[in-house]
Amino acid sequence: MYLLSLITPRTLKGFRDHLPETMLQRERLIDTARGVYRAYGFSPIDTPALEYEEILLGKGSEETDKQVYRFEDHGGRRVGLRFDLTVPLARFAAQHIGDLGTPLKRYQIANVWRGENTQKGRYREFVQCDFDTIGTQSIVADIETALVIHDLLLALGCENFKLHINNRKILTGLIASLEAEEQITSILRILDKLSKVGRDKVEEELLSRQKLTRDQVSTLFQLTEIKGANEKILEEAKTLPSRNSEFETGLAELSELISGLTAAGVPEHRVHLDLSIARGLDYYTGSIFETFLDAMPEIGSVCSGGRYDHLAETYTKKKLPGVGASLGLDRLLAAMQELGSTSGGSTPAEVFIVYFAAEHREEYLKISSQLRRAGLRVELYPEPKKIGQQLKYANRRGHKIAVIAGGDELTQGTCQIKNLDSGAATQVVLDKGCETVIEAIKKDLAM
RNA sequence: GUGGCUGUAGCUCAGUUGGUUAGAGCACCGGAUUGUGGUUCCGGAAGUCGGGGGUUCGAGUCCCCUCAGUCACCCCA
């Protein structure tokens, strides 16, 4: 058939292909995340990409509702692609908690979709690595959430990051005591910009847009402007004149959270108490977590979460409080690539077998499979190209060891093991089970 | 979603006031070296100038629309 006009191959805005080199890095991050989650006893679950619209909407905020991909399916149902993994989890918990029991600790690594404008590290389709604890209000769950974030970043090779922590009850309590409850969401949003636009602009907005009095604003600033070591911040916050029980509960929880982290060995320099942050989605009710890389704060938080005690209430009358966080895999990877802290190579196989001549095909197949049985990852070149070209290919793809067995070696019953980084080659006896070869390769790889 | 900037070979970019056949470096393929890569030399292939329309004798260059990237706002992983 003749192609009259070719269709331009392209992807949608904010949607991307992933090439082998990137994909190996993505999978390495996923494996690491999985390992840390399991170390804390979280189990995997999965939920559908598509949910009923009514499940998804009205849980985050008006803004986030606008970003949900929505359409009518073939049966005329109003459906949407999941915007995050937390709302589907709330639905999941409401539906299955009877079978599973509480506390439910689960993790989920999956794609989510947001129809917003793109930017570096912000895509319309991206992977989130969530972990949550459902069905307990214990502060231990909050502490462990922060611990997982901490361990996770370390395991991913990020040494320099800061875990920003706050508790929503402090701000909402304070605002309530100022009799401005109705504007809580807007006030939180304005305050959140403090570090970005500065005190003056925030003050102006609070006065003019929110119609707060100067006294109200100055009380808010008294709280957000407390600086110093974590202990000191907590001490000073307690002395604020205007407070109520919610405010005090928030402070107490925050204080317990901090001392729990210290007890678990998290160094203070990675924990940053910030009484002005209130972000995250509207459903957060207690602890709030955000994680910033020291070298790239502008890319935003790479792992965020918090406590949400009422999320499942729209689906069930059971009380299902939860706490958890979400690692933004694609955002973190974008940051790591920008910082050059990713390792290269586009092959997962450390061993490369040179294919000399068709008459030795079965020898190569045999060697390959014996090495694989010994736990090595092995790629056999598929055609008898010139050895120089094969080595060039192996070098470029990032193989560590080349096994060279041409006619000469095979008649002698040996083969050559070449380290592609150093260029050093050694002759090794090619015995029946390849034991000597395997041993030599493993020794070489270990250094 | 609104606004700014950008789009030329796989990648990074040149391309004059609009003027013949659009260039370079790196990467790729082949050879020098018919059994040894990452150095060198020689050669080769590769471009709908993001796409569409318009102005013009003539458009990579000017205008409009569109798609994508990027930045800011907003929001967030």
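Just so it is clear: chains get the letters A, B, ... in the order the sequence lines come, proteins before strands, and each one is counted from 1.
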* Asked: Nearest-Å distance, CZ (Phe292(A)) to P (rC76(B))?
  -> 12 Å
* Take the protein atom NZ of Lys66(A) and the nucleotide atom P of rU2(B), then report the distance between them rounded to whole Å. => 12 Å
* Asked: Say you pick atom P in rG37(B) and the same atom in rG23(B); how far apart are they, in whole Å?
  -> 34 Å
* Under 4.5 Å between any side-chain heavy atoms of Lys400(A) and Asp421(A), yes or no? -> yes
* Lys385(A) vs rG30(B): side-chain N/O to OP1/OP2 distance below 4.0 Å -> yes
* **Tyr123(A) side chain near Thr118(A) side chain, heavy-atom distance below 4.5 Å** => no
* Asked: What residues form a side-chain hydrogen bond (donor to acceptor under 3.5 Å, both in side chains) with Asp200(A), not counting sequence neighbours?
  -> none
* Pairwise side-chain contact, Val351(A) with Glu379(A), heavy-atom cut-off 4.5 Å (strictly under) -> no
* Asked: Any side-chain donor paired with an acceptor under 3.5 Å for Asp84(A) and Gln128(A)?
  -> no
* Looking only at side-chain atoms of Ser304(A), point me to the closest of rA77(B), rU70(B), rG69(B). => rA77(B)
* To do: Look at the side chain of Arg189(A) and the base of rC75(B), then say whether one donor and one acceptor between them are separated by less than 3.5 Å.
  => no
* Watson-Crick or G-U pairs under 3.5 Å in RNA chain B, rendered as dot-bracket with [ ] for crossing pairs and | for another strand -> (((((((..((((.....[...)))).(((((.......))))).....(((((..]....))))))))))))....
* **Whole-Å gap separating C1' (rG1(B)) and CZ (Arg122(A))** => 12 Å
* Distance between the C1' atoms of rU12(B) and rG7(B), in whole angstroms? -> 14 Å
* Structure fact -> note: His164(A), atom NE2; rC76(B), atom P; distance rounded to Å ~ 17 Å
* Nearest-neighbour nucleotide for the Lys193(A) side chain, rG69(B), rC75(B), rC74(B) considered -> rC74(B)
* rU33(B) and rA27(B), which share atom name P, separated by this distance in whole Å -> 22 Å
* Structure fact -> Walking RNA chain B from its 5' end, the first of Gly328(A) and Lys13(A) to be reached, judged by nearest nucleotide, is Lys13(A)
* To do: Mark yes or no for a side-chain to base donor-acceptor pair under 3.5 Å between Arg114(A) and rA77(B), with no hydrogen or angle criteria applied.
  => yes
* Asked: Distance-only, no hydrogens or angles: does the Lys105(A) side chain make a donor-acceptor pair with backbone N or O of Phe131(A) under 3.5 Å?
  -> no
* Do the ring planes of His164(A) and Phe292(A) sit parallel (below 30°), tilted (30 to 60°) or perpendicular (above 60°)? -> tilted
* To do: To the nearest Å, give me how far apart CG (Leu12(A)) and P (rU66(B)) are.
  => 17 Å
* Nucleotide of rG1(B), rA77(B), rG30(B) approaching Ser301(A) most closely (side-chain heavy atoms) -> rA77(B)
* Asked: Which one, rA77(B), rC28(B), rC71(B), comes nearest to the side chain of Glu116(A)?
  -> rA77(B)
* Asked: Residues two or more places apart in sequence or in another chain: which of them pass salt bridge (Lys or Arg N to Asp or Glu O under 4.0 Å) with Asp330(A)?
  -> Arg16(A), Arg26(A)
* **Listed partners of Lys193(A) passing salt bridge (Lys or Arg N to Asp or Glu O under 4.0 Å), at least two apart** => Glu205(A)
* Asked: Can you list every pair that meets side-chain hydrogen bond (donor to acceptor under 3.5 Å, both in side chains) and has a residue in residues 302-313 of chain A, with sequence neighbours left out?
  -> Asp132(A)-Tyr308(A), Gln137(A)-Asp309(A), Asp142(A)-Arg307(A), Ser301(A)-Ser304(A), Arg307(A)-Asp309(A), His310(A)-Glu313(A)
* Asked: Within this structure, what is the CZ-to-P distance between Phe289(A) and rA77(B), rounded to whole angstrom?
  -> 14 Å
* Rounded to the nearest angstrom, tell me the gap between atom CG in Leu19(A) and atom P in rC11(B). => 11 Å
* Reading 5' to 3' through nucleotides 35-40 of chain B, protein heavy-atom contacts under 4.0 Å coded B for base, S for sugar-phosphate only, - for none -> BBBB--
* To do: Verify the contact: side-chain N or O of Arg16(A) to OP1 or OP2 of rA68(B), cut-off strictly under 4.0 Å; return yes or no.
  => no
* C1'-based separation of rA68(B) from rG30(B) [nearest Å] -> 36 Å
* Pairwise P distance, rC5(B) and rA46(B) [rounded to whole Å] -> 37 Å
* Measure the distance from CD on Gln119(A) to P on rA68(B) and round it to the nearest whole Å. => 16 Å
* Asked: Does any donor-acceptor pair link the side chain of Glu290(A) with the base of rA77(B) at a separation under 3.5 Å?
  -> no
* If we take the P atom in both rC11(B) and rU66(B), what is their distance in whole Å? -> 26 Å
* **Nearest-angstrom distance, P atom, rA77(B) to rU40(B)** => 48 Å
* Asked: Which listed nucleotide (rG30(B), rC71(B), rU2(B)) is nearest to the side chain of Asn117(A)?
  -> rU2(B)
* Consider only side-chain N and O atoms of Arg38(A) and Tyr107(A), and report whether a donor and an acceptor are under 3.5 Å apart. => yes
* On the 0 to 90° scale, with breaks at 30° and 60°, tag the Phe42(A)-Tyr40(A) ring pair as parallel, tilted or perpendicular. => tilted
* Looking for any heavy atom pair under 4.0 Å, which part of the strands does Gly305(A) touch: base, sugar-phosphate only, or nothing? -> nothing
* To do: For rC42(B) and rU6(B), measure between their P atoms and round to the nearest Å.
  => 38 Å
